[in-house]
Amino acid sequence: MTIQLPEPITAYFAADKLDGDAVARCFTSGAIVRDEGRTYTGVAAIKQWKTQTAAKYTYTCEPLCAEQKDGMTIVTCHLEGNFPGGRADLRFFFRLERGKIANLEIIP
């Protein structure tokens, strides 16, 4: 199934398969990412977050569905990989600003 996502979110999921630099380019300069109970603010911190995550885990991420709510795009994804549990369905809460991601929170 193919779902329609705003371009900045499509770019994020494509970049997620590459590296920290590619992911960081998807965000505004003051963007905030919340993942696994930690907060990363700014492009340099987001790049470091992605680089460290990629060094620790190998995974696939398949967007399953998306909805708009309260000015955010919520994308539910299925992940499989070598992280604890090996499989998870996560929700990615994106807030976009000026054609880039301004805020991303990833939660189960």
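Heavy-atom basis, side chains included; hydrogens, waters and symmetry copies ignored. Please read all numbers here as calculations on a predicted model, not as lab measurements.
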Measure the CZ-CD distance between Arg38 and Gln52 for me, rounded to the nearest 0.5 Å.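 Taking CZ in Arg38 and CD in Gln52, the distance rounds to 7.5 Å.
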Spacing of Thr76 atom OG1 and Leu64 atom CG [to the nearest 0.5 Å]: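 Going from OG1 on Thr76 over to CG on Leu64, the span is 7.0 Å.
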Could you tell me which residues satisfy side-chain hydrogen bond (donor to acceptor under 3.5 Å, both in side chains) with [X], sequence neighbours excluded, listed by chain and number?
{"X": "Asp21", "result": "Lys47"}
{"X": "Asn103", "result": "none"}
{"X": "Glu97", "result": "Arg95"}
{"X": "Tyr40", "result": "none"}

Residue pairs involving residues 74-108 (criterion ring pair (Phe, Tyr, Trp, His ring centres under 6.0 Å); sequence neighbours excluded):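 Of all non-adjacent pairs touching residues 74-108, those that pass ring pair (Phe, Tyr, Trp, His ring centres under 6.0 Å) are Tyr12-Phe94, Phe13-Phe92, Phe13-Phe94.
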Please walk me through it: do Thr39 and Thr41 pass side-chain contact (heavy atoms from CB on, under 4.5 Å)? CA-CA 7 Å; Thr39 300; Thr41 303; 4.0 Å; yes
Given the rule that I, L, V, M, F, W and Y join up when any side-chain heavy atoms are under 4.5 Å apart, are [X] and [Y] in one cluster?
{"X": "Ile9", "Y": "Ile74", "answer": "no"}
{"X": "Tyr57", "Y": "Leu104", "answer": "yes"}
{"X": "Ile46", "Y": "Met72", "answer": "no"}
{"X": "Leu96", "Y": "Ile3", "answer": "yes"}

Quick one: closest heavy-atom pair of Pro108 and Leu90, and the distance?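 Closest approach of Pro108 to Leu90: CA-CD2, 3.7 Å.
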Can you name the nearest heavy-atom pair linking Ala66 to Val75, along with the distance?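 That would be CB-CG2, 4.2 Å.
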Within a reach of under 6.0 Å around CD of Gln4, are more than 12 heavy atoms found that belong to other residues, nucleotides or ligands?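 For Gln4, atom CD is not crowded (no more than 12 foreign heavy atoms under 6.0 Å).
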Are more than 12 heavy atoms, taken from residues, nucleotides or ligands other than Asn82, located less than 6.0 Å from that residue's CG atom?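 More than 12 heavy atoms, drawn from other residues, nucleotides or ligands, come within 6.0 Å of this atom.
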Please output the side-chain donor-acceptor pairs of residues 22-37 that fall under 3.5 Å, not counting sequence neighbours, one pair per line with the distance.
residue: Thr28; atom: OG1; partner: Ala31; partner atom: N; Å: 3.4
residue: Asp35; atom: OD2; partner: Trp49; partner atom: NE1; Å: 3.1

Please lay out, stage by stage, how Thr73 and Gln68 fare under the test side-chain hydrogen bond (donor to acceptor under 3.5 Å, both in side chains). CA-CA 5 Å; Thr73 302; Gln68 297 289 325; 2.8 Å; yes
